[in-house]
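Per chain, numbering begins at 1; letters A, B, ... match sequence-line order. As the structure is a computational prediction, the values presented were derived from the model and not from experiment.
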Amino acid sequence: MADIRSLHDAVADLIHDGDTVAMEGFTHLIPFAAAHELIRQGTTDLTLVRMTPDVVYDQLIGAGLAARLVFSWGGNPGVGSLHRFRDAVENGWPRPLELDEHSHAGMANRYVAGASGLPFAVLRGYLGSDIPRRTDTVATVVCPFTGAELAAVAALNPDVTVIHAQRADPAGNVQLWGLTGVQKEAVLAARRVLVTVEEVVPALDPRPGALTLPTWTVDAVAVVPGGAHPSYAAGYSTRDNAFYRAWDAISRDREAFTAWLDSQVRRREGATPR
Amino acid sequence: MADIRSLHDAVADLIHDGDTVAMEGFTHLIPFAAAHELIRQGTTDLTLVRMTPDVVYDQLIGAGLAARLVFSWGGNPGVGSLHRFRDAVENGWPRPLELDEHSHAGMANRYVAGASGLPFAVLRGYLGSDIPRRTDTVATVVCPFTGAELAAVAALNPDVTVIHAQRADPAGNVQLWGLTGVQKEAVLAARRVLVTVEEVVPALDPRPGALTLPTWTVDAVAVVPGGAHPSYAAGYSTRDNAFYRAWDAISRDREAFTAWLDSQVRRREGATPR
Amino acid sequence: MSQDWTPDELMEVNAARALAGARTCFVGIGLPSTAANLARRTVNPGLTLIYESGAIGARPAALPLSIGDGELADTADAVVPVPEMFNYWLQGGRIDVGFLGAAQVDRFANVNTTAVSRGQGRPEIRLPGAGGAPEIAAGCGRVLLVLRHSRRGFVPRLDFVTTVGHGTGPGDRAALGLPGRGPVAVITDLGVLTPDPGTAELTLAALHPGVTVDDVRAATGWDVRIARHPSFTEPPTGAELAALRALKSPREEAT
Amino acid sequence: MSQDWTPDELMEVNAARALAGARTCFVGIGLPSTAANLARRTVNPGLTLIYESGAIGARPAALPLSIGDGELADTADAVVPVPEMFNYWLQGGRIDVGFLGAAQVDRFANVNTTAVSRGQGRPEIRLPGAGGAPEIAAGCGRVLLVLRHSRRGFVPRLDFVTTVGHGTGPGDRAALGLPGRGPVAVITDLGVLTPDPGTAELTLAALHPGVTVDDVRAATGWDVRIARHPSFTEPPTGAELAALRALKSPREEAT
């Protein structure tokens with residue numbers, strides 16, 4: 001059952017140094033506030049898992065919290081490179097970043113296998129690509145009925161999955177709608193689950209396109225209005241595309257990035273360094 | 001793109017002798033009217049596919065249209081046996097019925113594989129059960145990462161899938177809600193798709209829990225209000241549990257069944273024997 | 001004290017009691033659904049009922065006839081597609097208790113719901129088949145079985161193993177890779193049998209009020225083991241009986 | 001006639017034209033999204049746009065910056081989870097055209113979006129990675145590529161094959177089990193290349209107005225094959241240019 005807690009306490013209790021952490025949300029509902037709390041708490045040596053690392057992981061990588069990245073597309077959508085990600089991979093700054101790299105179809109199916117209690121998933125993928133040469137989580141299986149050879153990807157079961165959702169009820173049932181990406185799979189694949197929400201409402205009335213995560217699939221809910229910014233929460237906010245564009249200049253330069261991190265994240269009110 | 005057609009013409013054009021036909025709907029939204037049209041047209045030698053054959057397939061089997069049944073639970077829910085199914089299996093009346101028998105999890109995953117363009121699906125299923133001894137569509141695969149042995153089930157790709165839905169728009173986009181069972185998978189796994197609907201509306205406004213099948217996944221839509229009776233369409237009707245109970249006596253006796261079939265299906269208005 | 005209950009009611013009330021403390025229950029239709037809905041009205045108001053039709057957290061006011069009655073979806077916390085139900089929720093290992101009926105069980109609580117032999121050269125008696133049972137019994141944390149006690153139901157050897165309980169004894173579940181603990185109780189109209197911790201063989205652990213060990217022996221198709229001191233189940237309380245009868249009445253009126 | 005268009009506009013207009021007759025298009029972000037949205041406003045109003053974020057039949061009024069902008073979901077016929085998108089819709093073989101960008105292509109229209117070598121002992125230049133491309137190129141009925149023409153982009157040998165086009169020549173796709181036809185055109189700001197039916201090697205089939213064969217040779221990193229009589233693409237119509245500029249203007253204002 002989910003407890004409704006402060007973001008600080010939920011992050012401190014659920015996410016530990018060395019954990020494998022998935023913060024999901026396909027452009028929509030990205031849990032930026034929870035990521036910033038991780039930066040304030042300095043939780044480090046993380047294996048970060050996300051289909052699209054996006055600006056949120058650019059920040060965590062630049063802050064030096066990530067030892068490893070499991071992903072399938074590492075760009076700033078519609079803008080260009082993730083400069084902190086590139087600096088870590090190309091130059092090892094502020095620390096080297098090990099990669100486990102997949103295609104979207106492979107990552108999505110890795111979560112599906114994790115949510116399904118299976119050790120692997122099967123897909124028609126990676127055929128002829130060099131991707132399998134750089135990872136040990138792609139293999140092949142042979143169909144016992146047709147003899148066809150198919151790709152197998154290893155299940156992903158994060159220690160912790162963090163998502164942002166529109167709302168929860170007082171019992172900790174969570175509701176999200178709009179583009180819901182791979183969040184359900186990432187939640188059900190994880191050992192522990194933290195959800196930040198825009199608000200707690202007395203009851204979750206049905207909504208078109210909404211999915212509900214029962215409280216017994218979630219460990220903690222933290223109320224963080226705007227917790228997806230500069231990503232967005234359909235029905236509450238719109239994507240701050242200007243910030244995504246501005247991130248290009250902020251992140252291109254190590255000093256500008258560090259100054260941004262200090263002023264906009266580390267020294268924000270409520271920050272409690274450990 | 002789906003054409004909006006009469007039930008008679010859609011059934012005549014899309015379903016042929018010897019076809020593998022899936023009529024899905026998990027208790028809810030069972031396409032009874034389309035099944036009755038099959039009986040009137042005498043389309044025969046069918047391989048019938050359905051997780052829960054239910055009264056709808058009891059009728060088709062009793063009418064002598066089925067050569068083979070692919071299924072996972074053949075009872076009259078909450079009432080008892082399907083007597084026409086049993087008579088065919090136990091006594092070959094009106095003709096022998098070959099069985100390909102699975103568990104629900106296996107059948108659901110067979111449709112998933114079919115919808116996914118894969119030749120098989122993997123599950124933790126059938127372990128220790130005698131089911132695999134009576135079918136050639138269950139096998140084992142070994143996980144290339146862990147060495148674990150798992151069940152594999154062969155994909156199901158029906159020639160035709162038939163479902164009943166609440167509504168369509170004039171372009172043939174289909175919307176259904178409530179318990180949606182395995183319908184999306186059965187539709188996307190099939191070569192041809194027929195959908196009967198309660199009504200055509202000018203536009204499909206969003207509804208909680210609704211899923212939409214784009215018109216380009218459907219071949220024909222036929223407007224048949226009440227076309228799921230004695231099953232039901234959430235928002236339009238409720239399950240006629242009294243009919244399901246009454247079916248026990250109708251179906252227990254060959255003559256009573258034949259009389260029912262003649263009076264209630266074959267000689268109904270609009271029937272056009274071929 | 002006059003006993004104003006039926007054997008079926010003893011079975012249903014004790015089946016409901018077996019759900020005390022459970023968080024989530026995967027509910028088969030028929031007796032399991034009766035028991036699970038009664039549990040929500042008595043020992044476990046917070047119990048989450050999960051029906052294989054896709055309803056998670058259903059709160060039906062009356063007993064559903066089928067596992068796909070409209071009320072299950074209308075009152076649920078979430079409705080999911082059937083493949084998701086079996087893959088993410090059941091196989092994913094999120095359900096505490098699987099509650100199943102059975103046509104036949106053997107001494108290791110294996111279940112047959114597929115076919116019964118009528119003997120050489122005669123066609124089998126056809127039963128409905130597996131449904132969700134094999135994977136429910138595999139994937140839930142533990143399994144409860146409920147069926148009426150008779151020699152037709154409690155057989156020395158199953159003609160067909162639809163669903164594995166404890167196989168041929170301890171260790172079989174692990175060897176097969178079945179993740180859950182398997183059947184922890186078989187609740188009948190005569191009493192409650194539980195697997196012996198050492199041998200996994202079903203053992204009469206408790207008798208319902210007014211039932212004797214000989215009644216159980218007479219209704220069991222093998223030489224059933226009896227606990228050294230079988231207990232008696234508590235008689236149904238007035239509240240339990242009232243809740244059970246209220247639960248059943250609307251459906252019976254609708255017939 | 002004064003040419004009042006840019007090379008990028010020639011590329012975008014011709015990319016949109018390549019979608020004439022398609023029913024469904026799986027749309028990558030950037031140039032492919034521009035082309036697909038332009039096609040809906042010009043040659044193919046009925047085109048169904050599918051974004052990997054889960055939106056099927058999106059009808060954005062302005063060009064989305066990301067493939068997950070809210071308007072894509074708000075205007076879609078259906079929104080599906082990402083695993084369903086890749087498994088049922090893409091891998092299921094329901095999409096006519098996959099429209100992709102590329103950092104590097106080789107003469108067989110294989111694509112690198114992963115990493116570029118800087119030479120021995122120096123770290124690779126890191127690109128974003130695969131995203132949906134390998135399976136889009138595998139599963140769609142046919143593939144269109146759009147990228148600006150330069151020796152950096154049109155390379156003799158890829159440092160990394162992210163996505164297979166035609167492999168090393170005819171027959172490779174079938175041998176790999178790739179179901180779709182693969183790339184049928186590469187549309188650039190200089191012209192249009194198509195795979196030779198016999199060799200599968202990219203061949204300059206058409207030049208944009210004002211472009212010469214030598215321009216293409218100078219911007220291609222290998223000795224590019226030229227069709228015996230390369231045609232010229234039709235100049236953009238006023239309607240095409242107006243639609244393209246209107247499509248881009250709201251987004252640029254929002255910057």
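The candidate with the highest count of non-hydrogen atom pairs below 4.5 Å against chain D, out of Leu82(A), Leu150(A), Leu179(A), is Leu179(A). Of the listed residues Lys184(A), His28(A), Arg239(A), the one with more heavy-atom pairs under 4.5 angstrom with chain D than any other is Arg239(A). Of all the listed residues (Gly131(D), Gly68(D), Ala137(D)), the one sharing the greatest number of non-hydrogen pairs under 4.5 Å with chain A is Gly131(D). Counting heavy-atom pairs under 4.5 Å between each of Pro123(D), Ala73(D), Ser66(D) and chain A puts Ser66(D) at the top. Between chain A and the residues Thr113(D), Leu178(D), Val111(D), the most heavy-atom pairs under 4.5 angstrom are made by Leu178(D). The residue among Glu135(D), Arg122(D), Met85(D), Glu71(D) with the most heavy atom pairs within less than 4.5 Å of chain A is Glu135(D). Counting heavy-atom pairs closer than 4.5 Å to chain D, the top-ranked of the candidates Asn76(A), Asp130(A), Leu127(A), Thr238(A) is Asp130(A). Between chain D and the options Gly25(A), Ala148(A), Ala105(A), heavy-atom pairs under 4.5 Å are most frequent for Ala105(A). Contacts with chain A were tallied for Pro128(D), Gly177(D), Ala55(D); Pro128(D) has the most, counting heavy-atom pairs under 4.5 Å. Interface check for chain A: of the options Ala133(D), Gly132(D), Gly54(D), Pro81(D), the most heavy-atom pairs under 4.5 Å are formed by Gly132(D).
The contact between Pro134(D) and chain A is made entirely by side chain atoms (from C-beta outward), counting heavy-atom distances below 4.5 Å. For Arg118(D), the part lying near chain A is the side chain, with the backbone staying farther off; criterion is any non-hydrogen pair under 4.5 Å. Residue Asn241(A) touches chain D through both its backbone and its side chain, counting heavy-atom pairs closer than 4.5 Å. Proximity to chain A involves both the backbone and the side chain of Ile125(D), based on heavy atoms less than 4.5 angstrom apart. Contacts of Met51(A) with chain D are made by side-chain atoms alone, with heavy-atom separations under 4.5 Å and no backbone atom involved. Interface remark: Tyr111(A) contributes no atoms to any contact with chain D (heavy atom separation under 4.5 Å). Contact annotation for Glu90(A): both backbone and side-chain heavy atoms come within less than 4.5 Å of a heavy atom of chain D. Using a 4.5 Å cut-off between heavy atoms, Asn87(D) touches chain A through its side chain atoms alone. Proximity to chain D involves both the backbone and the side chain of Val182(A), based on heavy atoms less than 4.5 angstrom apart.
Side-chain polar atoms of Tyr244(A) and Ser231(A) form no donor-acceptor pair below 3.5 angstrom. With hydrogens and angles left out, the side-chain atoms of His104(A) and Ser72(A) include a donor and acceptor closer than 3.5 Å.
Both the sub-6.0 Å distance and the 45° axial angle are satisfied by Arg84(A) relative to the ring of Phe257(A).
With respect to the salt-bridge test (charged N to carboxylate O, under 4.0 angstrom), the residues Asp87(A) and Arg254(A) qualify. In this structure, Arg134(A) does not pair ionically with Asp100(A), as no charged nitrogen and carboxylate oxygen lie closer than 4.0 Å. Residues Arg245(D) and Glu9(D) are paired through a salt bridge, judged by an N-O separation under 4.0 Å between the basic side chain and the carboxylate. Salt bridge Glu101(A)/Arg126(D): present, at least one basic N to carboxylate O contact under 4.0 Å. The pair Arg107(D)-Glu201(D) meets the salt-bridge criterion, with a side-chain N (NZ, NE, NH1 or NH2) lying under 4.0 Å from an Asp/Glu carboxylate O.
With Arg50(A) as the fixed residue, the side chain to side chain contact (heavy atoms under 4.5 Å, CB included) test singles out one of Phe26(A), Tyr57(A), Trp73(A): Tyr57(A).
Ring orientation note: the planes of Phe154(D) and Trp222(D) are tilted relative to one another, at an angle of 30° to 60°.
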Test His229(A) against Asp240(A) for side chain to side chain donor-acceptor pair (under 3.5 Å), laying out the working first. CA-CA 7 Å; His229(A) 181 270; Asp240(A) 187 352; 2.8 Å; yes
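Across all non-hydrogen atoms, the minimal contact from Gly98(D) to Ile136(D) is CA-CG2, 3.7 Å.
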